[in-house]
Trainee: 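Before I ask anything, let me first share the structure, which is written out below as structure tokens.
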Amino acid sequence: MVTTGAAVVDRFSLQLTLVLFLSVVVVTLFTALLTAPQRDEISEFYLGDRTMSPLRNGLAMCGDYLSAATLLGSTGLVALTGYDGLLYLCGTAVAWMMVLLLIAEPLRNAGRFTLGDTLALRLPRGQRPVRLALALCTLAITVLYLVAQLVGSVALLTQFTGEPSAATRTLCVVVIGTVVIVYAAIGGMPGATFIQIVKAVMLVSGVTVTAVMVLHRYDWNVDALLAAAADNSGQGTRFLEPGLRYGASTTSKLDFFSLQLAIVLGLAALPHVMMRLLAPKSGGVLRSSVVWAMGLVSLVCLAAGILGLGATAVVGRDTIVETDRKGDAAVLLLAHALGGGVLTALLSCLAFVTLLAVAAGLTLAAASSLAHDLYAEVIRKGRAKQTEELAVARLSAVVIGVLGMLLALVSWGANTATLAFLAFAIAASAILPTLVYTLFWRRFTAQGALLSLCGGLLCSVLLVVFSPVVSSTPSSLYPAADFAWFPLQNPGLVSIPAGFLLGWLGSVLSRPEAPDVHEDFEVRTLVGAE
């Protein structure tokens, strides 16, 4: 096995990974072209096949939510920090409870293609400024998350080749980005749904089988696995106790709480997840789909925890840190120790497909918001023809994809987890308060929505700019500078309450909507409109 530089995968695994990845890409691209919308109907492009079964919808939701960070980052976090990493995984699974219990069915009943349609029904008097602000927030979230996926593809490539050259980085980003553009621009929601289902099946199967191999190695004795992990962690029993990463100080505890808050609340407001919630034809199918998604995500999180502990037990924490200090190589090192080159190639291919699928969903969500909310409803004031809007949606997908590629190349070296967590924080701080108030508060107004959207976005970004993420620490973007006055790396603890407060303040200081508007909207959230 190659250990020079940062490479952890041998040449056979690299070749097999490329063959498997190219095979999946060719098959899914061909299927995306076959299932692409054949008519000039925006509903088919935005929502796809609305008659899918709950299982298929649940797989697609699972695929939209779980990124390569779950497979690589989360397992690495467990491998390096033990109990704290397992606690982090709990937030990833619990997040779906928020979706199921609070927003899934009312959003589907009141929505059409995007969240902007829901806001327009509830706030007809100021819908255009609100749609504009929403499009801005959607663009910020999706581009940040998209850049994280593309940068992550280069980071994953590093596990094969060591530190890649500028030409190799560019080639990797351009190839992944181009395939993503084809999925989103040509395939629309049908194409994105197919790749999400394929990715979800591969992810659930891959991590489950590998977790079974880990448990089998220790004769299905969880205590033996935990003991071996503690012994090879270099930390002893501290590895299985809280505080190894997040409990060293009050600031680190608050930082962890802020991160979990952003993850649990941010999921419900991620644009590509909300688009998926609008797709099911009926409320019953939606509820069943979300339950399937919860179960699948929980299974993957459980398996990721086992893989993280297994990596420490089998490979050893010191070896993982020497190979990759962030721990992203833990699952590949474990795969090589358990199953050699074949298993390593399978999990590596799975990671690349996961990046590809999430990026496609994000690109489609951003393109839909730009075409429907910004162009059709704000610029054309609802007078755009379906063919015209569809053309703009496809062009927007190309623009978003190219923008993501350029930003990924410029921001090479940025922490992908930081970009993803900032996207979650913006979603939880700007979009979630607007969504919750829209669905459940009679007094909510367009001015409150504008303050919540713009204020939550600005608050999240400014707090990150003046945090240790950007300056003052050796791991910051600018370690030599020191202008960090906000102590936390994730702004959610402050920005999320700020978003809710601004939405309330803007509403109480402005004239309310007509009473019959909320009554009609409330009826629709309860019974829906087919």
Side-chain angles (χ1 to χ4, degrees), residues 6 17-18 21 25 64 66-73 76 136-185 192 195 199 270-272 324 326 328-329 348-367 369-370 395-427 460-461 464-465 469-470 475-478:
T17 299
L18 291 176
F21 178 67
V25 168
D64 271 318
L66 294 176
S67 67
T70 307
L71 178 63
L72 302 178
L136 179 63
C137 292
T138 299
L139 187 62
I141 294 166
T142 51
V143 169
L144 278 170
Y145 213 171
L146 177 60
V147 170
Q149 303 307 309
L150 295 176
V151 172
S153 69
V154 182
L156 182 58
L157 185 66
T158 300
Q159 312 300 336
F160 296 91
T161 64
E163 188 70 21
S165 65
T168 304
R169 293 199 300 266
T170 302
L171 180 63
C172 178
V173 170
V174 169
V175 169
I176 297 292
T178 302
V179 175
V180 166
I181 289 173
V182 173
Y183 280 132
I195 182 62
K199 167 263 191 90
L270 289 176
H272 61 302
D324 184 349
K326 294 184 295 183
D328 290 345
S348 302
C349 173
L350 174 57
F352 274 116
V353 173
T354 300
L355 288 165
L356 194 66
V358 173
L362 291 165
T363 304
L364 179 62
S369 182
L370 290 179
L395 179 61
S396 298
V398 176
V399 172
I400 294 297
V402 173
L403 177 62
M405 286 188 274
L406 293 175
L407 291 176
L409 293 173
V410 170
S411 59
W412 159 246
N415 190 311
T416 56
T418 299
L419 295 173
F421 293 153
L422 177 56
F424 271 82
I426 294 174
S460 301
V461 173
V464 168
V465 169
V469 170
V470 177
S475 60
S476 301
L477 291 176
Y478 302 101

Trainee: Given 3.5 Å as the limit, does a donor-acceptor pair link the side chain of T142 with the main chain of L139, or not?
Mentor: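 Such a contact is found between T142 side chain and L139 backbone.
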
Trainee: Using every non-hydrogen atom in the two residues, find where A425 and S460 come nearest and quote the distance to one decimal.
Mentor: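 Looking at all heavy atoms of both residues, the closest pair is O-OG, 3.8 Å.
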
Trainee: Mind checking whether D64 and V358 have side chains closer than 4.5 Å, heavy atoms only?
Mentor: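 They are not in contact (no side-chain heavy atoms under 4.5 Å apart), so the answer is no.
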
Trainee: Is I176 close to L355 at the side-chain level, that is, under 4.5 Å between some pair of heavy atoms?
Mentor: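 Contact flag for L355/I176 side chains = no.
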
Trainee: Hey, what do you get for CZ (F352) to CG (L18), rounding to the nearest 0.5 Å?
Mentor: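 That separation rounds to 7.5 Å.
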
Trainee: Distance from L422 atom CG to L144 atom CG, nearest 0.5 Å?
Mentor: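 CG of L144 is found 5.0 Å from CG of L422.
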
Trainee: State the CG-CD1 distance between L364 and I400, to the nearest 0.5 angstrom.
Mentor: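 Interatomic distance, L364 CG to I400 CD1, rounded to 0.5 Å: 11.0 Å.
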
Trainee: Which atom pair, heavy atoms only, marks the closest approach of G404 to L146?
Mentor: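 Heavy-atom minimum between the residues: CA-CD2, 4.0 Å.
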
Trainee: Between S369 and A365 (side chain of the first, backbone of the second, donor and acceptor by atom type, cut-off under 3.5 Å), is there such a pair?
Mentor: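 Absent.
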
Trainee: Mind listing the closest non-hydrogen atom pair of A408 and V173 along with its distance?
Mentor: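 Taking every non-hydrogen atom into account, CB-CG1, 4.2 Å.
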
Trainee: To the closest 0.5 Å, what do you measure between CG (L356) and SG (C349)?
Mentor: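 Between L356 CG and C349 SG, I get 10.0 Å after rounding to 0.5 Å.
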
Trainee: Between OG1 of T138 and NE2 of H272, what distance do you get to the nearest 0.5 Å?
Mentor: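 Atom-to-atom, T138:OG1 and H272:NE2 are 12.0 Å apart.
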
Trainee: Closest heavy-atom contact between K199 and V353?
Mentor: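 Between these two residues, the closest heavy atoms are CB-CG1, 4.0 Å.
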
Trainee: What distance separates L409 CG from R169 CZ, expressed to the nearest 0.5 Å?
Mentor: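 The CG atom of L409 sits 8.0 Å away from the CZ atom of R169.
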
Trainee: Compare every heavy atom of G401 with every heavy atom of T363, then report the nearest pair and how far apart it is.
Mentor: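 So the minimum-distance heavy-atom pair works out to CG2-N, 4.4 Å.
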
Trainee: Could you report the tightest heavy-atom contact between A351 and L72, atom names first, then the distance?
Mentor: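 Where A351 meets L72 most closely, the heavy atoms are CB-CD1, 4.3 Å.
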
Trainee: Taking the side chain as everything from C-beta on, heavy atoms only, tell me whether L270 gets closer than 4.5 Å to F424.
Mentor: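 With C-beta onward as the side chain, the pair touches.
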
Trainee: Can you check whether F21 reaches S348 side chain to side chain, under 4.5 Å on heavy atoms?
Mentor: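 SC-SC contact between F21 and S348 ruled out.
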
Trainee: Any side-chain heavy atom of V402 sitting closer than 4.5 Å to one from I181?
Mentor: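 V402 reaches I181 side chain to side chain.
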
Trainee: Out of V174, V175, V180, which residue meets the side-chain contact (heavy atoms from CB on, under 4.5 Å) rule with T178?
Mentor: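 Option passing the side-chain contact (heavy atoms from CB on, under 4.5 Å) with T178: V174.
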
